[in-house]
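Here is the structure we will look at.
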Amino acid sequence: MKLHILRCGTMRVSETIPFGDAVSLANTRRQLLTPDSKRVTLPNFCYLLEHPQGLYLIDTGWCREISPKGSYDARAVRSVLPAPLAALYHPQVEECMTAREQLAAMGICPEDLAGVLITHLDADNTAGLRSLRGAKRIILPEDEYFWACRTVYKARQPWSLWEDLPIERIYYRGSPLGPNRWAFDLLGDESITMVNVPGHTDGMAAVILRHGSSFVLLCSDAAFSPRNWREGIAPGFGFDRKKMMVGLEWIAQMEREPGCAAVLCSHDPAVTAKMIEF
Ligand SMILES: [Zn+2]
């Protein structure tokens, strides 16, 4: 299988987001108000998988509307995101770099996608989804959907980005995989498995892509960098720090397993946009 790592823009966020303060509403408020001098630029990755049964996109990155000229445009961001999220993310996406635009450059239109997997409903994962309307399936864990309409997620995960799309909700089941032993095998052959890793959100999925004895782990936002699991530092943005720490231990175990070809975080500045064959 071939995995294309697509860099779909950046976000300029508080330096406490990747290596954090405790997760609390007060700290989140501070992250929204962080001056630019205390922000870091993080990439926003999504992934295109060439699988024998078709093309799968995992997450969608930012959309063109957020950054019409390819640079940071506060007014355009506000036309897509509610004010608190616009303040949190400061997103931009350079010309030709949205998922839709990069797929088009590869000769792929949304209708060619066998599926788009959404790991969780934060705006940086879903903003590009509407531009991919036409994909054969849009797949989201039910646990993520369930919580997105409740508690603090309502403010964090704007429904306007996806509520009119035909999203298919899948159910995690008991599994030997994951910190929660809760996963969904998409094609029934263990080649694409969405594994519940709670902490960043309750329902978030990491994705294990397996071919023979070799696998790639896409850990979504369970970690922002290998430093999180190698040094035991939780990210400073999420929902439940204790669960995040359990998730980081699981990622560390997975990285040590024979056959691990790569562990990728969706906002790791050390990752480069390239193709991995495994
Ligand atoms: Zn997230």
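In what follows, residues are counted from 1 in the order of the sequence shown. In listed order, ligands and their atoms are each counted from 1.
Residues satisfying the side chain to side chain contact (heavy atoms under 4.5 Å, CB included) criterion with Ser79, sequence neighbours excluded, are absent altogether.
For the pair OD2 of Asp122 and NE2 of His120, the angle at the Zn ion (ligand 1) is about 90°; rounding is to 10 degrees.
Residues Asp164 and Arg133 are paired through a salt bridge, judged by an N-O separation under 4.0 Å between the basic side chain and the carboxylate. Taking a cutoff of 4.0 Å between a charged side-chain nitrogen and a carboxylate oxygen, Glu15 and Arg39 do not qualify as a salt bridge.
Between the side chains of Gln157 and His120, not a single donor N or O lies within less than 3.5 Å of an accepting N or O.
When the Zn ion (ligand 1) is compared with the N/O/S atoms of His200, atom NE2 turns out nearest. Looking only at N/O/S atoms, Asp221 comes nearest to the Zn ion (ligand 1) through OD2.
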